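Everything quoted here is computed from the prediction, not taken from an experiment. Convention: sequence-line order gives letters A, B, ...; per-chain numbering from 1.
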Amino acid sequence: MAHKPDSPTPEEAHAPIAGAGRVYPPVIAPGHTFASVTDKISAIVLTRRTSLGWWLGFAAAFALVNVLMMSIAYLLFVGTGVWGINIPVGWGFAIINFVWWIGIGHAGTLISAILLLFKQTWRTSINRFAEAMTLFAVACAAIFPILHTGRPWLAIYWLFPYPNTMDVWPQFRSPLIWDVFAVSTYATVSLLFWFVGLIPDLATLRDRSESRVGRVIYGALAMGWRGSAHHWHRYETAYLLLAGLATPLVVSVHTIVSFDFAVSVVPGWHATIFPPYFVAGAIYSGFAMVLTLAIPIRTMYGLQDFITERHLNNMAKILLVTGLIVAYGYMMEAFMAWYSANTFETYMMRNRMTGPYGPFYLALIFCNGITPQFLWIKKIRTNVVLLFIISLIVNVGMWLERFVIVVTSLHRDFLPSSWGRYSPTVWDWGLYVGTIGLFLSLLFLFLRFLPMISIFEMRTLVPDAAPVPDRRVGRAGHEAAR
Amino acid sequence: MKPSGRPTVYGVMAEFETSHALVDAARRAHHDGYRKMDAYSPVPIEELHDAMHMHDNRLPKLVLAGGIFGGLGGYGLQYYVSAMAYPVNVGGRPLHSWPAFIPVTFETTILAAALTAVLGMLALNGLPQPFHPVFNVPRFALASRNRFFLCIEARDPKFNINDTRTFLASLGAREVTTVED
């Protein structure tokens, strides 16, 4: 990440490079300087007028937040009976939506941590808003299990180990408690990662803000950052260590979420393939959501210079790879159900494909098994509209996956006498749609008040700002300047 | 500005237009015997670490200690809760069921290490620090945009306001300013 005066990074960033006979398009459009990158990104927050589109979008999203508030209020007033959950399907929408949101929350930290360790410079222009997306998605996810406890005001002592007057402690052998630790650690570390990345940019906003209020607020948040070499030295160390710590954390979170299912003995859940298959599914849905958001944002804010075709192409490739892993997971589930020769497993799989929820399974295979195959074609990977549509289909597909896993496994288990059906009520839908509103509202506020692209990391992709007398373009110029 | 009302000098600051010029200047200042100085830049510059002979490796050690503390703490907590404070006999299975304690131990390790990395970085950097004398230089606002600054501080034994100004000007600085305290 550090700016090295003679590193090949600026050329790599600026000009198409020929490596192994292939030409890679640039990760930032040519002609940018430190000043232009700084001005262009900070102007979105500081000087550009808030567009009508922003107000309309925020108003629509905030209307859905009100739906969320009403759904929560009614739920707390009456109880979880307002949902469609029953016995045998005790988990329903709450867990489906929890897993869906947590999965979406995986792309941000993956982009910021794992791609940083692999020195993928193209991550730079998408990591900030992907991290923000992660935080908001995790916040939406956390709402569901907390409300699912029925009495959230008591959930504190059910979930967290602290000395209480009843001398009751949580059960640490339960995956549900592991989940509490995994999700809260993930939320905390993602927040730290995001905030640490923001500090130098907040200092930029403080220095460039023309209003006193802006200077005070951004100044307080920047904590007096002044770009000292000693500070940068420790900052870089801390950022790299955080990336190293977050990388296994990302993998652990959805692994532990999958344990919620896999540690049970329910047919359709009790499978050793769950952890890797869940992690791949999480990355898959996370990248789909990044594409769903990045494609309209780059058009609305004119950021095609920073979020280039190469970014979309690369994300589409990750979508394809993880989509194939997910498809492999579906095949293995079916294969293991047959190969186990276990009556209940075999029946579960047949019921999943052809039972009352069969159409959902077919839709799932269409969304997650067939749709991503179009991404083999480069013309589709670089077609913004088609890519946007595919990303939406994948989002729906990943929601269907969780619906199929939760509902079809539970509604017909070992004893036919206790079989049942599940359908969500209007309050289930209200809560779900409401969290989408919360997610979008937070995202709109983020786009308006914080730099959505990391300014200081974008600077590391361009050559030095001011011209040096005998300087030529490219690497030769850099050597001359030295 | 001291209470007496007479401004005292914090140091002398030179402004450069490129990171090469800053690295060069820092190297020459160190070579010339200046030790109490700091460079300011809008991007991290790896070569400055060598140029200014920075050798602070306390943070990784702190993070390691934080991780070990988090791991032992998390495991200890689970042992205390499951075997001592609230022992629940489930079909005669052992109370100290260590495999089940691994996921939470892992999470608390990461949590404590990450918190140490961030809080340690801020503490070692002396942040939050609402005010610093370098902010008295109006053009210093560009340090977060596209300009590079080198400040030799008055507490350096070799510091002499006139000599140091001349020295910095000779390094190709665009502008040399006196920083008031």
Side-chain angles (χ1 to χ4, degrees), chain A residues 1-5 33-35 38-39 161 167-173 175 177-178 181-182 185 188-189 192 195-196 200 203-204 206-208 219 223-238 241-242 245-246 248-249 252 256 259 456 459-460 464-466 468 481-482, chain B residues 17-20 23 26 38-49 52 54 56 59-60 63 67 74 77-78 81-82 85-86 88 90 97 100-101 103-104 106-108 110-111 113-115 117-118 120-122 124-125 127-132 134-135 140-147:
Chain A
M1 193 171 66
H3 189 71
K4 287 178 237 158
T33 63
F34 276 30
T38 310
D39 296 349
D167 256 346
V168 177
W169 294 85
Q171 171 58 280
F172 276 110
R173 298 174 193 93
I177 288 297
W178 305 347
F181 278 81
T185 300
T188 313
V189 173
L192 290 174
F195 182 70
V196 166
T204 298
R206 169 198 68 202
D207 295 341
R208 297 186 53 69
M223 297 189 293
W225 180 263
R226 53 187 186 273
S228 146
H230 291 95
H231 289 187
W232 276 124
H233 183 38
R234 295 191 195 101
Y235 179 93
E236 290 263 274
T237 311
L241 287 172
L242 271 183
L245 291 167
L249 180 65
S252 84
I256 290 178
F259 285 164
F456 90 91
R459 287 190 203 112
T460 65
D464 267 345
V468 175
R482 273 173 68 75
Chain B
E17 294 193 333
T18 64
S19 58
H20 317 286
V23 172
D38 209 342
Y40 302 90
S41 56
V43 284
I45 303 170
E46 228 166 76
E47 304 197 341
L48 273 177
H49 306 167
M52 292 171 60
M54 288 190 265
D56 186 355
L59 189 59
V63 173
L77 171 78
Q78 295 176 82
V81 166
S82 311
Y86 197 53
V88 180
V90 184
S97 51
F101 298 163
V104 171
F106 174 80
E107 300 297 334
T108 53
I110 300 281
L111 181 64
L115 282 170
V118 175
M121 182 270 286
L122 292 176
L124 292 173
N125 282 350
L127 300 173
Q129 184 180 5
F131 178 74
H132 191 273
V134 290
F135 290 120
F140 188 72
L142 294 176
S144 66
R145 183 166 178 259
N146 61 345
R147 290 301 159 91

Participant: Between Trp178(A) and Glu107(B) (side chain of the first, backbone of the second, donor and acceptor by atom type, cut-off under 3.5 Å), is there such a pair?
Facilitator: no
Participant: Just one of Ser41(B), Ser19(B), Pro42(B) clears the side chain to side chain contact (heavy atoms under 4.5 Å, CB included) bar with Phe34(A), so which one?
Facilitator: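 Exactly one candidate clears the test, Pro42(B).
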Participant: Quick check on Leu115(B) against chain A: is it the side chain, the backbone, both or neither that has a heavy atom closer than 4.5 Å?
Facilitator: both
Participant: Where is the tightest heavy-atom contact between Ile110(B) and Leu245(A), given as atom of each residue plus distance?
Facilitator: CD1-O, 3.5 Å
Participant: What residue, out of Ala203(A), Pro170(A), Pro175(A), Ala182(A), has the most heavy-atom pairs lying under 4.5 Å from chain B?
Facilitator: Ala182(A)
Participant: Could you tell me which portion of Pro248(A) (side chain, backbone, both or neither) has an atom closer than 4.5 angstrom to a non-hydrogen atom of chain B?
Facilitator: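 Looking at Pro248(A), backbone and side chain both touch chain B.
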Participant: Taking atom types as modelled, is there a side-chain donor on Asp56(B) or His230(A) under 3.5 Å from an acceptor on the other?
Facilitator: no
Participant: Against chain B, label Leu249(A) side chain, backbone, both or neither, depending on which of its atoms sit under 4.5 Å from a heavy atom there.
Facilitator: both
Participant: Out of Val134(B), Leu48(B), Val81(B), which one racks up the most heavy-atom pairs below 4.5 Å with chain A?
Facilitator: Val81(B)
Participant: Picking from Ala100(B), Ala143(B), Ala85(B), Ala117(B), which has the most non-hydrogen pairs under 4.5 angstrom with chain A?
Facilitator: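 Ranked by contacts with chain A, first place is Ala100(B).
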Participant: So, for Arg173(A) and Ser97(B), which heavy atoms are closest and what is the spacing to 0.1 Å?
Facilitator: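 Nearest pair, atom of Arg173(A) first, then Ser97(B): NE-OG, 2.7 Å.
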Participant: A side-chain contact here means heavy atoms from C-beta on lying under 4.5 Å apart; do Pro44(B) and Phe456(A) qualify?
Facilitator: yes
Participant: Does any heavy atom of chain A fall under 4.5 Å from the side chain of Leu111(B), the backbone, both, or neither of them?
Facilitator: both
Participant: Between Asp207(A) and Arg145(B), does any side-chain N to carboxylate O distance fall below 4.0 Å?
Facilitator: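 Salt bridge flag = no for Arg145(B) with Asp207(A).
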Participant: What part of Thr188(A) gets within 4.5 angstrom of chain B, counting heavy atoms only: side chain, backbone, both, or neither?
Facilitator: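 It is the side chain, since no backbone atom gets that close.
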Participant: Using side-chain heavy atoms (C-beta onward) and a distance below 4.5 Å, is Val168(A) in contact with Tyr86(B)?
Facilitator: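 Yes, at least one pair of side-chain atoms sits under 4.5 Å.
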Participant: Could you grab the distance from atom NE2 of His233(A) to atom CD1 of Ile45(B), nearest 0.5 Å is fine?
Facilitator: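 Reported to 0.5 Å precision, the distance equals 14.0 Å.
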Participant: Quick one, Asn146(B) and Thr38(A) - any side-chain contact, counting heavy atoms below 4.5 Å?
Facilitator: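 No; the side chains remain at least 4.5 Å from each other.
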Participant: Could you tell me which non-hydrogen atom of Asp38(B) sits nearest to which non-hydrogen atom of Ser228(A), and how far apart they are?
Facilitator: OD2-OG, 2.6 Å
Participant: Given that the side chain runs from C-beta out, which part of Phe106(B) has a heavy atom under 4.5 Å from chain A: side chain, backbone, both or neither?
Facilitator: side chain
Participant: In Å, rounded to the nearest 0.5 Å, how long is the span from CG of Leu59(B) to OG1 of Thr237(A)?
Facilitator: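 Those atoms lie 6.0 Å apart.
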Participant: I'd like to check Trp225(A) versus Asn125(B) (side-chain heavy atoms, cut-off strictly below 4.5 Å). Are they in contact?
Facilitator: yes
Participant: Mind telling me whether Phe172(A) and Phe101(B) have parallel, tilted or perpendicular rings, with 30° and 60° as the class edges?
Facilitator: perpendicular
Participant: With a 4.5 angstrom heavy-atom cut-off, is it the side chain or the backbone of Leu241(A) that approaches chain B, or both, or neither?
Facilitator: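 For Leu241(A), the side chain is the part near chain B, not the backbone.
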Participant: Would you give the length of the straight line joining atom CG of Leu127(B) to atom CZ of Arg226(A), rounded to the nearest 0.5 angstrom?
Facilitator: 6.5 Å
Participant: For chain A, which of His132(B), Met52(B), Met121(B) has the most heavy-atom pairs under 4.5 Å?
Facilitator: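 Answer, by heavy-atom pair count under 4.5 Å with chain A: His132(B).
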Participant: Would you say the side chain of Gln78(B) lies within less than 4.5 Å of the side chain of Phe181(A), judging by non-hydrogen atoms?
Facilitator: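 Not touching, per the 4.5 Å side-chain cut-off.
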